[in-house]
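To start, the structure itself, in structure tokens.
Please read these numbers as outputs of a predicted model, since none were measured by experiment. As a basis for the values below, the full set of heavy atoms in this structure was taken, side chains included, without hydrogen atoms, waters or symmetry mates.
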2 protein chains.
Amino acid sequence: MQDRERRPDQQTAASVVANHLADLILGELAPGSTLPSEAELAARYDVSRLTIREAVKRLEGRGLLVIARGRKAVVREPDGAAFADFLTSVIRYDPKGLFDLVAVRLSLEVQSAHLAAKHATRASLAAIEGELQGMRDSLAQSDGGLSLELETSFHAHDVGFHEAVALASGNRVLGYLFEAMSQPLREAFFISQRGHAQRGHTPGDTVDAHQRILDCIRTGDSRAAAEAMRLHLKNTERDIRTALSQLALRPAPRE
Amino acid sequence: MQDRERRPDQQTAASVVANHLADLILGELAPGSTLPSEAELAARYDVSRLTIREAVKRLEGRGLLVIARGRKAVVREPDGAAFADFLTSVIRYDPKGLFDLVAVRLSLEVQSAHLAAKHATRASLAAIEGELQGMRDSLAQSDGGLSLELETSFHAHDVGFHEAVALASGNRVLGYLFEAMSQPLREAFFISQRGHAQRGHTPGDTVDAHQRILDCIRTGDSRAAAEAMRLHLKNTERDIRTALSQLALRPAPRE
DNA sequence: TCCCCACAAGGTGTCAGATACCTTTGCCTC
DNA sequence: GAGGCAAAGGTATCTGACACCTTGTGGGGA
């Protein structure tokens with residue numbers, strides 16, 4: 001039968017190099033430091049430069065390295081980009097996935113606000129405040145109606161506010177997850193602004209909701225901060241449902 | 001000196017191909033389907049086979065493809081593997097990352113229990129019940145002390161219980177995230193059993209805690225289910241801290 | 001007839017050598 | 001001393017070739 005003995009050499013040379021380099025990067029090399037040149041690595045591992053290239057490309061795909069032409073590979077600060085593909089694929093394969101993702105994000109952001117109220121530093125509070133001010137500025141520049149440009153700016157500061165809260169939590173995993181979820185949810189949250197208006201609310205209401213969250217974080221009231229965030233995101237979720245049902249003219253269950 | 005095609009941006013040919021293929025995979029190609037061979041792709045994009053290889057390697061690093069020797073590249077079923085890989089690196093990069101991850105998992109599991117109480121079906125309840133029974137069986141087979149084998153079995157059913165709850169929530173993103181986080185946390189939760197004993201508790205206590213969670217889910221009391229899960233995981237977190245501090249004090253060789 | 005083995009076809013893995021182009025750096029001129 | 005230019009070092013890509021793996025197929029033996 002097939003009692004052919006299996007060599008443990010199943011791994012390809014490129015895999016071996018990639019794994020070894022990954023261990024090196026995760027273990028010893030600090031973010032920002034550079035790898036040796038391809039030629040030198042090829043000599044060190046006694047493989048061709050092509051094999052080194054493939055290993056390095058794989059690590060680039062994993063988000064461990066940044067590669068630019070004419071420069072050596074640089075070890076990358078870990079970020080949430082690695083999850084973004086995964087979450088995007090979940091959404092695309094399942095329409096309901098969008099709301100699953102929104103629900104998960106709600107849960108994580110509530111915890112972010114909770115932890116931020118406990119661990120926020122002066123610097124992280126200033127960062128949150130800055131984004132809130134950015135939202136106000138975008139609003140102040142508009143005379144009555146929001147132009148698309150200002151709407152985009154307003155939205156960017158909105159997302160920035162939430163990201164600043166996630167960072168203020170002091171929990172790095174929360175920050176990574178937030179970043180990863182932002183990408184696939186970007187469109188959804190953008191159209192939530194339309195739904196917000198369709199439900200009879202103004203951008204000023206959104207600013208107020210953020211202000212309340214910031215106040216709670218500043219005073220260190222973690223329970224209130226979590227609740228304020230939960231309320232705000234529940235409203236956002238309703239905005240998304242409203243905007244989507246308007247767009248698709250789909251009979252959506254009212255809440 | 002005939003420069004081929006002037007790309008105004010810095011994008012390399014391999015990047016263009018990789019991005020295009022990524023869009024294709026995330027948008028149209030179903031998991032399990034195969035990509036054309038390298039030679040065919042090279043002809044289609046009018047680049048060399050080497051460039052195709054580098055693009056494909058990058059996608060493999062991103063977890064979008066599975067590549068084996070002698071076979072065409074296969075589109076990968078979305079799972080938490082790439083995600084798990086990244087989380088593992090976070091833990092290794094930062095010791096505090098372990099507890100960040102535990103905290104995030106707590107938040108997600110509390111929501112899982114909350115949603116499971118609302119959406120559990122008869123089948124998913126049976127799955128949860130089955131894992132709980134498995135924990136009891138592992139315990140019943142032990143006379144007094146748990147052997148390493150039974151300890152492993154007990155732990156496997158413990159993890160299975162939590163996974164069953166995540167699946168019962170009906171939120172696919174929660175299920176994927178749970179799967180992704182389980183891998184890097186496996187060791188931590190395993191040693192939590194040691195800490196559990198060191199803090200004067202018995203495996204029976206663990207079974208009881210799970211039973212309470214299941215009861216709440218079965219009766220549809222989402223608030224109580226969330227609270228029961230939160231209490232249980234807070235205890236587990238304490239177990240991990242206890243076990244880790246014991247290990248640090250008296251490092252014992254693993255069998 | 002059925003099973004097993006050998007072989008061919010198609011695929012990926014890896015090597016070597018070469019050219020184009022980008023980045024950095026240091027020298028040289030003004 | 002400042003600005004420009006050229007060389008060095010690095011990556012991006014191509015061509016061509018060979019090794020090895022996987023799968024399917026057909027022939028030979030039980």
With a 4.5 Å heavy-atom cut-off, do [X] and [Y] have their side chains touching?
{"X": "B:L244", "Y": "B:L98", "value": "yes"}
{"X": "A:V102", "Y": "A:L185", "value": "yes"}
{"X": "A:Y45", "Y": "A:T51", "value": "no"}

* To do: Before giving the answer on side-chain contact (heavy atoms from CB on, under 4.5 Å), spell out for A:I213 and A:I128 the whole-Å C-alpha distance, their side-chain angles and the decisive distance to 0.1 Å.
  => CA-CA 10 Å; A:I213 295 168; A:I128 301 174; over 6 Å; no

* To do: Scan residues 37-44 of chain B against DNA chain C and write down, sorted by residue number, each residue with any heavy atom closer than 4.0 Å; if none is found, say none.
  => B:S37, B:E38

* Asked: In residues 46-55 of chain A, which ones come under 4.0 Å of DNA chain C, going by heavy atoms?
  ->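 Under 4.0 Å from DNA chain C: A:V47, A:S48, A:R49, A:L50, A:T51.
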
* Asked: Are A:K57 and A:E54 close enough for a salt bridge, meaning some N to O gap below 4.0 Å?
  ->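 Salt bridge: no.
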
* **Nearest-nucleotide comparison on DNA chain D, the residue closer to the 5′ end among A:A73 and B:R69** =>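 Whichever sits nearer the 5' end wins; that is A:A73.
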
* Please round to 10 degrees the angle between the axis of the first five pairs and the axis of the last five pairs in the helix from C:dT1-D:dA30 to C:dC30-D:dG1. =>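 For the helix from C:dT1-D:dA30 to C:dC30-D:dG1, the axes at opposite ends meet at about 10°.
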
* When you get a sec, tell me which of D:dA12, C:dG13, D:dG10 is the closest nucleotide to the side chain of A:T12? => C:dG13

* **Gap between atoms NZ and C1', on A:K57 and D:dT13 respectively (whole Å)** => 11 Å

* Atom CG of B:L35 and atom C1' of C:dT12: how far apart are they, to the nearest Å? ->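 The answer, rounded to whole Å, is 13 Å.
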
* Can you see which heavy atom on A:A166 is nearest to which on A:F178, and at what distance? =>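 Heavy-atom minimum between the residues: CB-CB, 4.0 Å.
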
* To do: Can you label the angle between the B:H210 ring and the B:H162 ring as parallel, tilted or perpendicular, going by 30° and 60°?
  => perpendicular

* About how many Å separate CG of A:L106 and OG1 of A:T236, when rounded to the nearest 0.5 Å? -> 9.0 Å

* Kindly indicate, with the supporting measurements, whether the criterion side-chain contact (heavy atoms from CB on, under 4.5 Å) is fulfilled by A:S124 and A:H119. => CA-CA 9 Å; A:S124 52; A:H119 301 131; over 6 Å; no

* To do: Return no unless some side-chain N or O of A:R71 is found under 4.0 Å from OP1 or OP2 of C:dT24.
  =>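 For C:dT24, OP1 or OP2 has a side-chain N or O of A:R71 closer than 4.0 Å.
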
* Asked: Does OP1 or OP2 of D:dT22 have a side-chain N or O of B:K72 closer than 4.0 Å?
  ->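 False: B:K72 side-chain N/O out of range (4.0 Å or more) of D:dT22 OP1/OP2.
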
* No-hydrogen, no-angle side-chain donor-acceptor test under 3.5 Å, B:S169 and B:S112 ->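 No, B:S112 and B:S169 have no side-chain donor paired with an acceptor closer than 3.5 Å.
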
* Using modelled atom types only, decide if a donor and an acceptor are shared between the side chain of A:E109 and the backbone of A:V165 within a distance under 3.5 Å. => no

